[in-house]
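Every value quoted in this text rests on a predicted model; they were computed, and no experiment measured them. Values reported hereafter were calculated over all heavy atoms of this structure, with side chains retained and with hydrogens, waters and symmetry mates removed.
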Amino acid sequence: MADVVEIHIPLVPAPNLVPGAYPFPWIDRVDDFLVELEDAGEAEVYDDGEECGDVYIFFISGASEAGLLDAASRVATLGGVPAGAFAMVTTDEAPDFGMGRRVDLPVS
């Protein structure tokens, strides 16, 4: 059973977008950041991100719980990421999203 941290970010459009622009450019920014963490050996992208109701969830693993929560905190403070992000500490055996211990993340 491996630790997995779900990073839940409110699915809020970025402010000041030009008409017709993709409303969630911060999703790509977070994806890129997580790939950088993976390339540096700090964490692994456990699964593709996924929209779930009013949040977008990113999944990381491959490090200690403290290391994963540090990575999640860094995600929450990336420029453009909406306020209100939180993490769920769970396992790879959890039957559904959002099952585990909730950890509030810093606001950017």
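In this structure, Val35 and Asp31 have side chains that are not in contact, with every pair of non-hydrogen atoms separated by 4.5 Å or more. Residues Glu44 and Ile60 have side chains not in contact (no heavy-atom distance under 4.5 Å, counting atoms from C-beta outward).
The shortest non-hydrogen separation linking Ala72 to Ala87 is CB-CB, 4.4 Å. Across Gly62 and Leu68, no two heavy atoms sit closer than the pair N-CD2, 4.4 Å. Pairing each heavy atom of Leu17 with each of Pro23, the nearest pair is CD1-CA, 3.3 Å. Contact record, Ala76 with Pro106: CB-O, 3.4 Å, taken as the closest heavy-atom pair. Considering every non-hydrogen atom in both Phe33 and Ala71, the closest pair reads CE2-O, 4.3 Å.
For the atom pair CG of Asp54 and CG of Leu11, the computed distance is 8.0 Å after rounding to the nearest 0.5 Å. To the nearest 0.5 Å, atom CD of residue Glu6 and atom CG of residue Asp47 are 10.5 Å apart. The CG atom of Asp92 lies 9.0 Å from the CG atom of Asp3; values are rounded to the nearest 0.5 Å. Interatomic distance, CZ of Phe86 versus CD1 of Ile7, reported as 11.5 Å (0.5 Å rounding). To the nearest 0.5 Å, atom CG of residue Leu78 and atom CG of residue Leu34 are 8.5 Å apart. Between the CZ atom in Phe59 and the NE2 atom in His8 there is a gap of 7.0 Å [rounded to 0.5 Å].
For the pair Arg29 (side chain) and Gly80 (backbone), a donor-acceptor distance under 3.5 Å is absent. In this structure, the side chain of Thr90 does not engage the main chain of Val4 through any donor-acceptor pair within 3.5 Å. The backbone N or O of Val45 sits less than 3.5 Å from a side-chain atom of Glu38, completing a donor-acceptor pair.
Tyr22 and Phe24 have perpendicular rings, their planes meeting at more than 60° on a 0 to 90° scale where under 30° would count as parallel. Ring planes of Tyr56 and Trp26: perpendicular class, angle over 60° (limits at 30 and 60°).
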Requested in this report: Apply side-chain contact (heavy atoms from CB on, under 4.5 Å) to Val75 and Ile9, showing your working.
Outcome: CA-CA 10 Å; Val75 165; Ile9 301 175; 4.0 Å; yes
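Classification of Arg102 and Asp104 as a salt-bridged pair holds, one side-chain N sitting under 4.0 Å from a carboxylate O. With respect to the salt-bridge test (charged N to carboxylate O, under 4.0 angstrom), the residues Arg74 and Glu36 do not qualify.
Val55 and Val12 are members of different hydrophobic clusters when ILVMFWY side chains are connected at heavy-atom separations under 4.5 Å. Two different hydrophobic clusters hold Met88 and Phe58 under the rule that ILVMFWY side chains link at heavy-atom gaps under 4.5 Å.
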